[in-house]
Amino acid sequence: MFWFMQGLCFLPTFLVIWSSSTFIIPYLIALFRRDVDIIFPYISDTAAKPPESCIFGLMTFISACAGIATIYARYKYVQKLSEETKVVSPRLNKSALYVGVISCLGMCIVATFQEITVTIAHDLGALLFFVSGISYIILQTAVSYQAYPYGSSMNVIRVRLCISILATLAFFPTVICASFVKQTELHRDPEDKDYPYQLASAVCEWTVAFSFICFFLTYIHDFKVSIKPSYGNSFSPLSRQMGTLTSLLFSFPTAFYSAGDDRVRGLLLISLQLPNLKQRPAFLDSEDALHLFL
């Protein structure tokens, strides 16, 4: 089985690839048609004229649908995790779901109302998309911290935190510098007084957009969860880790063919390699268990 076919990881994989193409393809078409300048135009400028506007609108709508599916799958994953471990607040999880769906709604507004036709609606949709999108990744970072050590590793959580900080810091120059831009032409002259503000705003806008994409990229490993109970009908993280422990035990039989109780020896050796497993068998923590391995 290929890695992208494990669990539901095809959802964030498709979302990352498709969303990246949504920003890049209209930009390349606009450059080929010479509708925009090559150096950091606004994302909306690359989709201001047909046919790139039509392609951008269609691809953005599909990205919004894929985003809603991924956000909902993440919500259900955390919900199931919370039912078993009680580590994540249900309110926090629901808040992240609602904010994420609102962000996708903002994407649909941006795709429907082009910049040069209905500017006010387009700008409001973009603002809704960015504000709710940043709020979503911040909330999901908090969810990841609460869920640790279940779910994502600490390295992944730190990456999500860095992405959230980067998106937040880039958002403010996007809005502030855009307020100083007076001209609305697609082609800009570097000699214009407001050109530095336009360039800074556009760079930060692209940074925020791809920060969202990079954040969803960190979901791929989490979505590899296989819906197969390890013991009975249990789907708890402990059951999955114990299932992993059992599979490792039978994957390396030669390591345990020595004097003593082979099964207990293998169980302890592998358990010591799983520091995140909080609920280890009680007998493994007793001093008597150590005498089995002398």
Side-chain angles (χ1 to χ4, degrees), residues 12-71 100-134 136 167 170-171 173-190 192 194-195 197-216:
T13 302
F14 173 79
L15 178 60
V16 168
I17 296 175
W18 189 268
S19 298
S20 301
S21 302
T22 300
F23 296 135
I24 294 174
I25 291 178
Y27 171 67
L28 295 178
I29 295 175
L31 284 182
F32 179 77
R33 293 171 52 84
R34 298 181 179 179
D35 290 335
V36 296
D37 298 324
I38 190 173
I39 300 178
F40 284 106
Y42 282 115
I43 297 176
S44 299
D45 289 349
T46 64
K49 295 182 178 180
E52 52 263 32
S53 62
C54 304
I55 296 174
F56 179 80
L58 176 62
M59 296 186 70
T60 302
F61 179 76
I62 296 176
S63 295
C65 295
I68 292 176
T70 304
I71 290 169
V101 172
I102 293 173
S103 177
C104 294
L105 176 62
M107 291 180 63
C108 294
I109 296 175
V110 170
T112 304
F113 302 97
Q114 280 76 29
E115 181 187 31
I116 59 176
T117 55
V118 190
T119 306
I120 296 178
H122 179 88
D123 292 343
L124 290 177
L127 187 63
L128 181 66
F129 166 64
F130 283 123
V131 172
S132 55
I134 292 174
Y136 172 77
F171 169 73
T174 301
V175 178
I176 295 173
C177 293
S179 64
F180 292 99
V181 178
K182 304 302 180 182
Q183 300 184 22
T184 58
E185 291 82 2
L186 299 180
H187 294 280
R188 301 302 306 273
D189 187 354
D192 295 336
D194 60 350
Y195 179 76
Y197 297 106
Q198 186 271 335
L199 182 61
S201 178
V203 170
C204 292
E205 182 188 42
W206 283 89
T207 301
V208 175
F210 276 91
S211 295
F212 295 158
I213 294 175
C214 293
F215 191 89
F216 283 106

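Thr174 places a side-chain N or O within donor-acceptor distance of the main-chain N or O of Ala170, the cut-off being under 3.5 Å. Panel note: side chain Thr46, backbone Ile43; a donor-acceptor pair is recorded below 3.5 Å. Judged by distance alone, the side chain of Trp206 and the main-chain N or O of Phe23 form no donor-acceptor pair under 3.5 Å. Distance alone, capped at 3.5 Å, is enough to place a donor-acceptor pair between the Thr117 side chain and the Gln114 backbone. Between the side chain of Trp18 and the backbone N or O of Ile62, no donor-acceptor pair lies under 3.5 Å.
Distance check: Ile68 CD1 to Cys108 SG gives 6.0 Å after rounding to the nearest 0.5 Å. Distance check: Asp194 CG to Cys177 SG gives 11.0 Å after rounding to the nearest 0.5 Å. Note that CD of Glu205 and OH of Tyr42 are 7.0 Å apart. Values are rounded to the nearest 0.5 Å. Between Ile213 atom CD1 and Ser19 atom OG the span is 5.0 Å, to the nearest 0.5 Å. Rounding to the nearest 0.5 Å places CD of Glu52 at 11.0 Å from CG of Leu28. To the nearest 0.5 angstrom, Ile109 atom CD1 is 11.0 Å from His122 atom NE2.
The environment of Phe14 atom CZ is dense: over 12 non-hydrogen atoms of other residues, nucleotides or ligands sit within 6.0 angstrom.
In the model, Thr22 has a side-chain atom that pairs as donor or acceptor with a side-chain atom of Ser63 under 3.5 Å. No hydrogens or angles considered: nothing links the side chains of Tyr197 and Ser179 as a donor-acceptor pair under 3.5 Å.
Using the six-membered ring where Trp is involved, Phe216 and Tyr136 have ring planes that are parallel, under 30° apart on the 30 and 60° scheme. The aromatic rings of Phe130 and Phe171 lie tilted to each other, with the angle between the two planes from 30° to 60°.
The shortest heavy-atom contact between Arg33 and Pro50 is NH2-O, 3.5 Å. In this structure, Ile134 and Ala167 approach most closely via the heavy-atom pair CD1-O, 3.6 Å. Between Cys204 and Pro173, the shortest heavy-atom distance links the atoms SG-CB, 3.5 Å. Across Val101 and Ile71, no two heavy atoms sit closer than the pair N-CD1, 4.3 Å. In this structure, Val36 and Ala30 approach most closely via the heavy-atom pair CG2-CB, 3.6 Å. Contact detail for Ala178 and Ser201: the closest heavy-atom pair is CB-OG, 3.6 Å.
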>> ring-ring contact (aromatic ring centres under 6.0 Å, His included) for Tyr27 and Phe40? Distances and angles first, verdict last.
In response: CA-CA 10 Å; Tyr27 171 67; Phe40 284 106; 8.4 Å; no
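Side-chain contact between Phe56 and Val110 is present, with at least one heavy-atom pair separated by less than 4.5 Å. The shortest distance between side-chain heavy atoms of Phe212 and Phe129 falls below 4.5 Å.
Put simply, the residue from Asp123, Leu124, Val118 that forms a side-chain contact (heavy atoms from CB on, under 4.5 Å) with Ile120 is Leu124.
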